[in-house]
Each structure stands twice: as C-alpha cells, then as structure tokens.
Amino acid sequence: PAACLWTFAALAAVALASQPLLPWLGYRAVGIILVCTVMGMGTVVGFGPTVAGAAFSSLIWNYFFIPPLFTFKVEAPEDLMMCLVFFPAACITGLLAARIRKQGKDLVRRERRAGVLYTFSQSLAEAGNAEEIAACAYESLQRLFGFKAAIMPKGTGNRLAGIPLGAPGTDISAKNMAVAAWCLKNRRKAGQGTDTLASSGCLCLPLRGRSECVGVLMLFPPQGFRLDPEQEALLDTLVSNLGVAFEREAFAARGKDAEVLRHSEHLHQALLNSVSHELRTPLTSLMGAASALRDDNTAANPKHRALLTQ
C-alpha cells in the first residue's frame with residue numbers, strides 16, 4: 001500500500017507540474033512524460049505498484065489532458081488509439097524497469113554471497129586448528145543466513161561429541177542431539193525443512209570429507225522457515241568446504257600423532273641399545289671369569305682364583 005501511494009503521489013505531482021505547460025507541450029507530450037514517470041517508478045517499487053501506477057496515469061491523462069477535458073470521452077480516433085495503447089505501454093515499460101531493478105538486486109546479492117564464500121575459503125586455508133575453522137563457519141553462516149549454528153564433531157566410537165566445537169555454552173536438547181546422531185549415522189541431512197524428522201527445531205547436515213563423515217552442522221532457523229534453491233546450493237557449498245577442512249585438520253592431527261609415535265619408538269630403541277651395550281661389557285667379563293675358573297690349573301692357583309672372584 002505504501003508503494004502504491006508513493007506511485008500515485010509521484011504521478012499526481014507530474015500531472016500538476018505539466019498542467020501549466022499544456023499550451024506549449026501539448027497533451028500527447030504529457031502522455032509521454034507520464035509513461036516515463038511510470039517507468040522511473042518501476043525501478044523503485046515492485047510489480048503491483050507499477051501496474052497500479054500505469055492504470056492511474058492513463059486515467060489522469062484521459063481525464064485532465066485529452067479533449068474534451070474533465071471527461072473520459074475521447075472524440076478523435078488518434079486520441080482513442082493512443083489512450084488504448086497508453087496503458088499497455090505504461091505497464092510494459094514499468095514492468096521492464098522493475099525487472100531490471102530485481103536483476104540488479106539479485107546480482108548484488110550473489111556478489112555479496114560470492115564474496116562471503118571467498119572470504120570463508122581464505123579463512124579455512126589460514127585456520128590452524130578445529131576451533132578456528134568452527135569460528136570461521138559461525139561468522140559466515142551468520143552473515144549469509146542469520147542463523148544460530150552449532151558444529152558437533154565426531155568423537156570416539158562413531159558417535160558425536162557432547163559439546164559443540166567452538167561454542168561450549170550452546171544448549172542443545174536431547175531431541176536435537178538425536179536428530180544429529182541420525183544425521184551422522186546415515187550421512188544425510190535431517191530436521192526442519194526436510195522429509196526426515198521434520199518436527200525438529202533444527203536442521204542437521206553431515207560434514208562429509210573425501211573419505212569419512214567428520215561431524216554434523218546444526219542450524220536453528222525460525223520455525224517454518226524453508227531455504228530456497230539458491231540458498232540450499234550456497235549452504236551445500238559451504239558445508240562441503242567445511243567438511244573437507246575438518247577432515248584435513250583430522251589428518252594433520254593424526255600425522256602429528258604418528259610423528260610423535262615414531263620419535264617415541266626411536267627413543268625406545270636407542271634406550272634399549274644403550275642399556276644392552278652397558279650390560280654386555282660386565283656380562284662378557286663374568287662369562288670370561290667363569291670360563292677361567294673352570295680351568296683346573298687356574299682353579300688350583302689360590303692367587304689366580306682370588307683375583308677372578310673379587
């Protein structure tokens with residue numbers, strides 16, 4: 001309603017401004033001015049106000065400018081033809097302008113989303129641990145969708161950890177945790193807006209890497225909210241990048257553990273070799289002394305026997 005009122009007010013103002021200039025411009029020129037006004041309003045308002053403005057401008061032009069004035073009667077055939085063409089022309093030009101405006105908004109929105117995704121990808125590449133990856137995800141989700149989110153990493157035994165990653169204060173109900181567990185087990189999205197467990201208050205998406213599922217992303221949209229196809233594609237891209245980033249971090253952690261284990265085994269072997277060397281020398285001496293005592297001549301000599309048994 002407000003957009004329609006603004007459209008009517010703009011057309012009325014143009015008609016009033018054109019009234020003193022009518023002797024010099026002619027009423028046909030005023031009609032072109034009104035069509036241009038409708039086209040200009042189409043870049044500001046939507047589809048409905050544009051059509052209403054086209055109808056209103058045709059009535060104004062017919063009533064106030066086409067002779068005879070202050071009637072809807074049209075005498076000249078060319079004026080009748082122009083009056084019949086005026087409304088479709090105003091509608092078409094206004095709708096084309098409104099479409100251009102909508103396309104411009106779509107381009108701006110897509111550019112903004114592409115910028116957020118690019119920044120998100122850079123942040124993932126620079127993140128040094130799982131907490132930093134989760135912080136990047138929370139910030140991007142807030143900027144793109146405005147949803148509260150929680151990332152539940154996979155713990156031991158193919159089960160979810162009990163605390164959200166990077167958001168320890170987030171309270172998650174047992175029902176939502178059950179939805180997340182189902183999502184991890186079946187590697188399919190579930191919850192609000194899906195065909196599985198739709199009565200849940202959250203939307204769960206599996207964080208799939210290249211070889212395994214590393215966790216679950218939980219979104220908490222308003223009740224009854226559904227993503228449009230473009231938003232779904234954007235969310236799938238974000239979730240895919242997030243899953244690969246967490247998997248990369250898990251592989252890096254496993255690599256560090258393997259490196260630590262390798263160094264530990266190396267130190268263990270070095271210690272055994274050192275102990276073996278320290279024990280080998282006295283054992284050799286003992287074995288030599290025992291062999292010497294077994295000799296009858298050495299055993300019969302008290303001096304040699306005392307020297308070997310010291």
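Model, not experiment: these values are computed from the prediction. Residue indices begin at 1 and follow the sequence shown.
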Heavy atoms, side chains only, cut-off 4.5 Å: are [X] and [Y] in contact?
X    : Y    : answer
P206 : K189 : yes
F120 : L238 : yes
L22  : Q19  : yes
T37  : S57  : no
R188 : W182 : yes
C204 : M152 : no
R248 : I133 : yes
L234 : V116 : no

Pairwise distance [atom1]([X]) to [atom2]([Y]) - rounded to 0.5 angstrom:
X    : Y    : atom1 : atom2 : result
F65  : F70  : CZ    : CZ    : 9.5 Å
E247 : R208 : CD    : CZ    : 12.0 Å
L144 : E139 : CG    : CD    : 10.5 Å
K154 : L207 : NZ    : CG    : 11.0 Å
S173 : D171 : OG    : CG    : 7.5 Å
L227 : L219 : CG    : CG    : 8.0 Å

Exercise for the section: Determine, stepwise, if the pair Y118 / Q122 fulfils side-chain hydrogen bond (donor to acceptor under 3.5 Å, both in side chains). Expected result: CA-CA 6 Å; Y118 177 73; Q122 280 190 324; 3.0 Å; yes
Practice task
Run the numbers on F220 and N176 for side chain to side chain contact (heavy atoms under 4.5 Å, CB included), then give the verdict.
Solution key: CA-CA 10 Å; F220 300 91; N176 291 337; 3.8 Å; yes
Is the count of non-hydrogen atoms from other residues, nucleotides or ligands lying under 6.0 Å from [X] atom [atom1] greater than 12?
X    : atom1 : answer
R109 : CZ    : yes
R187 : CZ    : yes
D195 : CG    : no

[X], [Y]: one ILVMFWY side-chain cluster at the under-4.5 Å cut-off?
X    : Y    : answer
L21  : I33  : yes
V14  : L69  : yes
L117 : L141 : yes
L235 : L242 : yes
L165 : V216 : no

Practice task
Say whether, by atom type as modelled, one donor and one acceptor occur between the side chain of S140 and the main chain of A137 under 3.5 angstrom.
Solution key: no
Practice task
Test S240 against D236 for side chain to side chain contact (heavy atoms under 4.5 Å, CB included), laying out the working first.
Solution key: CA-CA 6 Å; S240 177; D236 290 341; over 6 Å; no
Between [X] and [Y], what is the shortest heavy-atom contact and its length?
X    : Y    : value
A180 : M218 : CB-SD, 4.0 Å
T7   : P49  : CG2-O, 3.8 Å
I60  : A15  : CG2-CB, 3.7 Å
C183 : L205 : SG-C, 3.6 Å
P68  : T71  : O-OG1, 3.0 Å
G243 : V214 : O-CG2, 3.9 Å

Completion exercise
For F56, the ring-ring contact (aromatic ring centres under 6.0 Å, His included) test, sequence neighbours excluded, returns F8
Practice task
For C136 and E126, run side chain to side chain contact (heavy atoms under 4.5 Å, CB included): C-alpha distance rounded to whole Å, both residues' side-chain angles, the deciding distance at 0.1 Å, then the answer.
Solution key: CA-CA 10 Å; C136 295; E126 297 172 358; over 6 Å; no
Handout entry: Derivation and outcome, side chain to side chain contact (heavy atoms under 4.5 Å, CB included), residues L203 and F225
Key = CA-CA 10 Å; L203 172 62; F225 181 86; over 6 Å; no
Handout entry: Under-4.0 Å salt bridge between D106 and K102
Key = yes
